[in-house]
Student: 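Before I ask anything, here is the structure I am working with.
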Amino acid sequence: MTPYLDPKSHLASLLEQALLQVAADSMPLIELDRPKQASHGDYACNVAMQLSKAMKRNPRELAQAVIAALPASTLLEKAEIAGPGFINLFLKPAAWQGLAAHALEQGAAFGGGNVGRGEKVQIEFVSANPTGPLHVGHGRGAAFGASLANVLKLAGYDVQREYYVNDAGRQMDILALSTWLRYLELCGELVAFPGNAYQGDYVKSMAAAIHALHQTRYQRTAIEVAQGVPDAGEDAEGHLDALIANAKRLLGPDYAYIHGYALEEQLGDTRNDLTEFGVTFDTWFSEKTLHESGLIDRAVEQMKQHGHVYEQNGALWFRSTAFGDEKDRVVRRENGIYTYFAADIAYHINKFERGFSRVLDVWGADHHGYIPRVKGALSAAGLDADRLTVALVQFAVLYRNGQKASMSTRSGQYVTLRELRGEVGNDAARFFYVLRKSEQHLDFDLDLAKSQSNDNPVYYIQYAHARICSVMNSWGGVERDLLDADSGLLREPQELALLRRLAEFPETVNAAARELSPHVIAYYLKDLAADLHGLYVACRFLDVDEPLKQARLLLIAATRRVLRDGLGVLGVSAPEKM
RNA sequence: GCCCCCGUAGCUCAGUGGAUAGAGCAUCCCCCUCCUAAGGGGAGGGUCACACGUUCGAUUCGUGUCGGGGGCACCA
């Protein structure tokens, strides 16, 4: 079997040799792209038009000169001048025929692009506060981040996935308080439950569990709890903070138990939910450890040494305006407590110190104003902020009965990721989440997603895979034996179209990695499935002459492999039967 | 007020500094004696929001305008 030669790089090298003769002085970048129309060849090159101005020559004339200088090649059928000066290159079928065996032989390595070069990359995503179940908004970040991590891995990066656990902030205190108040209700204490505390039933469940385990051990009287607390109607947040302060004072060391219980419970739930969704992490990084280990002090000190921190009104400020932010930011409040921002600075400095050449954060689009601040802080600490890339994911807006549904965790009125998965299935959920590019708002129509509709694109792709499996199972042979098939017999238009499509997979993976856009994989798979279905209807596989049968089975075996790997990147299963 | 995203077919959305701008859904017409019809083939449907600029060439890049969504805490 002749070794497979990538047609694109082959053509690029032919053109380069030709250009050395025609335009050695002003070698342009050689661009080869796939024309939309088959009549324009397999690849088109616009180099003549780019050169025409510098060389003061008519582009069509230049193109003619380039074509005349092209070295002989067994793979090139012909080269034509077209339109204003395109060079359209037509390849012989032989250029593609070897692809099937090549792809099958390479296996998982076939999709492996080359942009990554083993570079260490960290991707942090989801990182939702562990204060309640994940909702459908978190689901998009989870699906996007996990798919992107897979894309990067396939493209040759050394990827680490991390979840930042906000276990130290006010939100956790509110959850602990909410749980305790529900617990007090079970103890028979008449305490008003604040409207801005966590309303969800899971809070009551945790309270009931604590009550069952410890009975009235954490009971305090309603009067003590409400002591000195401002009226909720006048100052709702102050009301909450005063209740938290009372809880800490009244419970003493026991407060840590309630807090810890709620945290473990919710984090465990989140972890299970994500694992079931096919989303896993290598590390779970605790915000609390930043406070305890003194990393925040160190981070602020580091910025101070570079002269970017000052004191005003008793608070410590970071001069972020010096780094393009619109106003300076507080890092340590008047009350001596560090802000969330300060912890985040320490966290990002820590990420850099862990040896990643690139750090990727996946954030909700509402955090966009936060980017200059964090980047500025990294610069202020003397680090290269360009190593941090923030991928913003727009909101997934949920529609129920044609109406927007609320997704606030505190109000308790949201559709959980778990509910969504249960209703539409993991495959459809994962696929739909990444079908839109991340900058695009995602309208998730629950009713539509719930209805088991047949026009579902994920089924279309899975069906292509199942169809191949069906043929392969009827055949019953060993896949590896097909590698010796005579692929020169693959001449039908549908066969060649499929071969060309398969050849695009590695460059598609590279593009998806470069653009941080897993959705291009989804669109590629739709195209690949369409080519397979086209072939399936046009050609028979099993009841043809043995050599042709082998060649066609080789082709669909390679296609199956790419379908499976591609779906795997998106976290979608590739069923053998449907 | 400032900042971010979006504006492409009736709908939901891809896409590209190039040659006739695509897909799915919806509408209409055709294709199972045959390895899965959850499939295939065809038809209709467009001022790529608008204006100006950069360019040999702009739907793509830049600026502005209009429209939709989101964000601008000593919250996290």
Side-chain angles (χ1 to χ4, degrees), chain A residues 31 33-37 39-40 44 46 48-50 52-53 58-59 82-86 88 127-129 131 166 168-174 237 241 287 312-317 325-327 329-344 364-372 392-395 397 435-443 445 448 452-464 466-475 494 519-520 522-524 526-527 529-530 532-544 549 552-553 556 577-578:
Chain A
E31 291 174 46
D33 46 39
R34 295 287 182 93
K36 288 159 195 153
Q37 270 194 277
S39 65
H40 292 149
N46 62 359
M49 287 175 291
Q50 288 185 317
S52 93
K53 200 177 188 186
N58 176 306
F86 289 102
N88 288 342
S127 300
N129 283 339
T131 51
N166 298 123
R170 178 168 178 261
Q171 295 305 320
M172 267 312 299
D173 280 328
I174 296 174
E237 296 302 319
D241 286 332
E287 180 192 354
Q312 192 178 54
N313 303 332
L316 221 48
W317 296 72
D325 200 2
E326 50 197 25
K327 56 169 283 196
R329 309 289 171 174
V330 171
V331 289
R332 200 180 63 207
R333 291 176 213 129
E334 206 176 345
N335 61 14
I337 295 172
Y338 284 118
T339 58
Y340 176 89
F341 177 46
D344 234 7
D366 54 331
H367 283 63
H368 88 266
Y370 201 65
I371 299 173
L392 291 179
V393 178
Q394 293 290 328
F395 281 162
V397 183
L435 193 54
R436 298 279 167 266
K437 57 181 173 190
S438 54
E439 310 90 57
Q440 183 76 252
H441 291 274
L442 175 67
D443 289 347
D445 187 332
L448 191 74
Q452 284 279 0
S453 158
N454 283 351
D455 356 295
N456 200 327
V458 71
Y459 292 148
Y460 183 81
I461 298 166
Q462 289 179 318
Y463 185 46
R467 270 184 146 177
I468 295 172
C469 290
S470 171
V471 174
M472 298 299 283
N473 288 339
S474 304
W475 171 58
Q494 291 86 357
H519 78 275
V520 308
Y523 280 88
Y524 170 79
K526 283 212 281 190
D527 290 339
L532 185 278
H533 288 310
L535 173 69
Y536 191 94
V537 168
C539 297
R540 306 285 303 162
F541 300 96
L542 298 176
D543 40 16
V544 295
K549 174 167 126 186
R552 284 187 175 159
L553 289 176
I556 62 171
K577 280 185 183 156
M578 290 175 73

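Below, chain A is the first sequence line, B the second, and so on; all start at residue 1. Remember, it's a predicted structure, so these values are computed and weren't measured experimentally.
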Student: Which value, in whole Å, describes the distance between the C1' atoms of nucleotides B:rA38 and B:rA43?
Tutor: 24 Å
Student: Between the protein and nucleotides 40-46 of chain B, which nitrogen or oxygen pairs come in under 3.5 angstrom?
Tutor:
| unit_1 | atom_1 | unit_2 | atom_2 | d |
| --- | --- | --- | --- | --- |
| B:rG40 | OP1 | A:Tyr460 | OH | 2.4 |

Student: Tell me: OH of A:Tyr459 to P of B:rC25, nearest whole Å?
Tutor: 15 Å
Student: Touch check for A:Tyr370, heavy atoms < 4.0 angstrom, all strands: base, sugar-phosphate only, or nothing?
Tutor: base
Student: When we call it a touch if two heavy atoms are under 4.0 Å apart, what does A:Tyr523 touch: a base, just sugar-phosphate, or nothing?
Tutor: sugar-phosphate
Student: Is B:rC32 syn or anti, taking syn as a glycosidic angle within 90° of 0?
Tutor: syn
Student: Tell me which nucleotide among B:rU12, B:rG15, B:rC35 gets nearest to the side chain of A:Val520.
Tutor: B:rG15
Student: Looking only at atom types and distance, does a side-chain atom of A:Trp475 sit under 3.5 Å from a main-chain N or O of A:Leu553, one as donor and one as acceptor?
Tutor: no
Student: Under 4.0 Å between a side-chain N/O of A:Arg552 and OP1 or OP2 of B:rC35, yes or no?
Tutor: no
Student: Distance between the C1' atoms of B:rG17 and B:rC3, in whole angstroms?
Tutor: 28 Å
Student: Between B:rC34, B:rC13, B:rA38, which nucleotide gets closest to the side-chain atoms of A:Arg436?
Tutor: B:rC13
Student: Which nucleotide, in any strand shown, forms a Watson-Crick or G-U wobble pair with B:rC34, with both distances under 3.5 Å?
Tutor: none
Student: List the residues meeting ring-ring contact (aromatic ring centres under 6.0 Å, His included) with A:Tyr524, not counting sequence neighbours, and say none if there are none.
Tutor: A:Phe505
Student: Which distance, rounded to the nearest 0.5 Å, do you find between the CG of A:Asn456 and the CD of A:Gln462?
Tutor: 8.0 Å
Student: Please give, in whole Å, the distance from B:rC34 P to A:Tyr536 OH?
Tutor: 12 Å
Student: By nearest nucleotide on RNA chain B, pick out whichever of A:Glu287 and A:His519 is the more 5' one.
Tutor: A:His519
Student: Between B:rC6 and B:rA49, how many Å separate the two C1' atoms, rounded to a whole number?
Tutor: 12 Å
Student: Which heavy atom of A:Arg329 sits nearest to which heavy atom of A:Asp325, and what is that distance?
Tutor: NE-OD2, 2.9 Å
Student: What is the nucleic acid contact for A:Arg540, judged by heavy atoms within less than 4.0 Å: base, sugar-phosphate only, or nothing?
Tutor: base
Student: With nearest nucleotide decided by heavy atoms, which residue, A:Asp33 or A:Asn313, maps closer to the 5′ end of RNA chain B?
Tutor: A:Asp33
Student: Need one value for A:Ala44: base, sugar-phosphate or nothing, where a base atom within 4.0 Å counts as base even if backbone is also close, heavy atoms only.
Tutor: base
Student: What's the closest nucleotide to the A:Arg333 side chain, out of B:rC75, B:rG39, B:rA73?
Tutor: B:rC75
Student: What's the gap between B:rU55 and B:rG68 when it is taken at their P atoms, as a whole Å value?
Tutor: 35 Å
Student: In Watson-Crick or G-U wobble terms, both distances under 3.5 Å, what is the partner of B:rU60?
Tutor: none
Student: Using Watson-Crick or G-U wobble geometry with both distances under 3.5 Å, which nucleotide pairs with B:rC72?
Tutor: B:rG1
Student: What's A:Ser474 touching, base or sugar-phosphate or nothing? Going by heavy atoms closer than 4.0 Å.
Tutor: sugar-phosphate
Student: So A:Cys469, base contact, sugar-phosphate only, or nothing? Heavy-atom distance under 4.0 Å.
Tutor: nothing
Student: Quick one: A:Asn456 CG to B:rU12 C1', roughly how many Å, whole number?
Tutor: 13 Å
Student: When the C1' atoms of B:rG69 and B:rA76 are considered, how many whole Å apart are they?
Tutor: 23 Å
Student: Tell me the partner of B:rA49, counting only Watson-Crick (N1-N3 plus N6-O4 or O6-N4) or G-U wobble (N1-O2 and O6-N3) with both under 3.5 Å; none if nothing fits.
Tutor: B:rU65
Student: Rounded at 0.5 Å granularity, tell me how far OH in A:Tyr536 sits from CD1 in A:Ile468.
Tutor: 10.0 Å
Student: Which nucleotide, in any strand shown, forms a Watson-Crick or G-U wobble pair with B:rC11, with both distances under 3.5 Å?
Tutor: B:rG24
Student: Going by purine N1 to pyrimidine N3 plus the second Watson-Crick contact, or the G-U wobble pair, all under 3.5 Å, which nucleotide sits opposite B:rA19?
Tutor: none
Student: Can you see which heavy atom on A:Tyr523 is nearest to which on A:Arg436, and at what distance?
Tutor: OH-NH1, 3.6 Å
Student: Just checking A:Asn129: base, sugar-phosphate only, or nothing, at a heavy-atom cut-off of under 4.0 Å?
Tutor: sugar-phosphate
Student: Roughly, in whole Å, what's the span from CG in A:Asn335 to P in B:rC74?
Tutor: 13 Å
Student: In whole angstroms, how far is the P atom of B:rA76 from the CD atom of A:Glu237?
Tutor: 11 Å
Student: Can you tell me how far P of B:rC35 sits from CG of A:Leu532, to the nearest Å?
Tutor: 16 Å
Student: In B/S/- notation, 5' to 3', how is nucleotides 1-10 of chain B contacted by protein heavy atoms closer than 4.0 Å?
Tutor: --BSBS----
Student: Taking any heavy-atom pair under 4.0 Å as a contact, classify A:Trp317: base, sugar-phosphate, or nothing.
Tutor: base
Student: Where do A:Gly169 and A:Glu287 come nearest, in terms of heavy atoms and distance?
Tutor: N-OE1, 4.2 Å
Student: With heavy atoms under 4.0 Å as the rule, sort A:Lys526 into base, sugar-phosphate or nothing.
Tutor: nothing
Student: Which of parallel (below 30°), tilted (30 to 60°) and perpendicular (above 60°) describes A:Tyr340 and A:Tyr370?
Tutor: tilted
Student: Send over the distance from A:Tyr463 OH to B:rC35 C1', rounded to a whole Å.
Tutor: 11 Å
Student: So which nucleotide from B:rA73, B:rG70, B:rA76 ends up closest to the side chain of A:Phe395?
Tutor: B:rG70
Student: How many whole angstroms separate atom CD1 of A:Ile461 from atom P of B:rA14?
Tutor: 15 Å
Student: Please state the C1' separation for the pair B:rG53 and B:rA9 - nearest whole angstrom.
Tutor: 29 Å
Student: Specify the closest pair of heavy atoms between A:Ser127 and A:Asn166, including all atoms of both residues, with the distance to one decimal.
Tutor: O-OD1, 3.6 Å
Student: In whole Å, what separates the C1' atom of B:rC13 from that of B:rU59?
Tutor: 16 Å
Student: With rounding to the nearest 0.5 angstrom, report the CG to OH distance, A:Leu532 to A:Tyr460.
Tutor: 9.0 Å
Student: Just verifying a value: how many Å separate A:Ile461 CD1 and A:His533 NE2, rounded to the nearest 0.5 Å?
Tutor: 8.5 Å
Student: Look at the side chain of A:Asn88 against the base of B:rA19 and say whether a donor-acceptor pair falls under 3.5 Å; ignore hydrogens and angles.
Tutor: yes
Student: Measure the CZ-CG distance between A:Arg170 and A:Asp241 for me, rounded to the nearest 0.5 Å.
Tutor: 4.0 Å
Student: Drop me the distance from A:Gln394's CD to A:His368's NE2, to the nearest 0.5 angstrom.
Tutor: 9.5 Å
Student: Considering only atom C1', compute the distance from B:rC30 to B:rC4 and round it to an integer number of Å.
Tutor: 49 Å
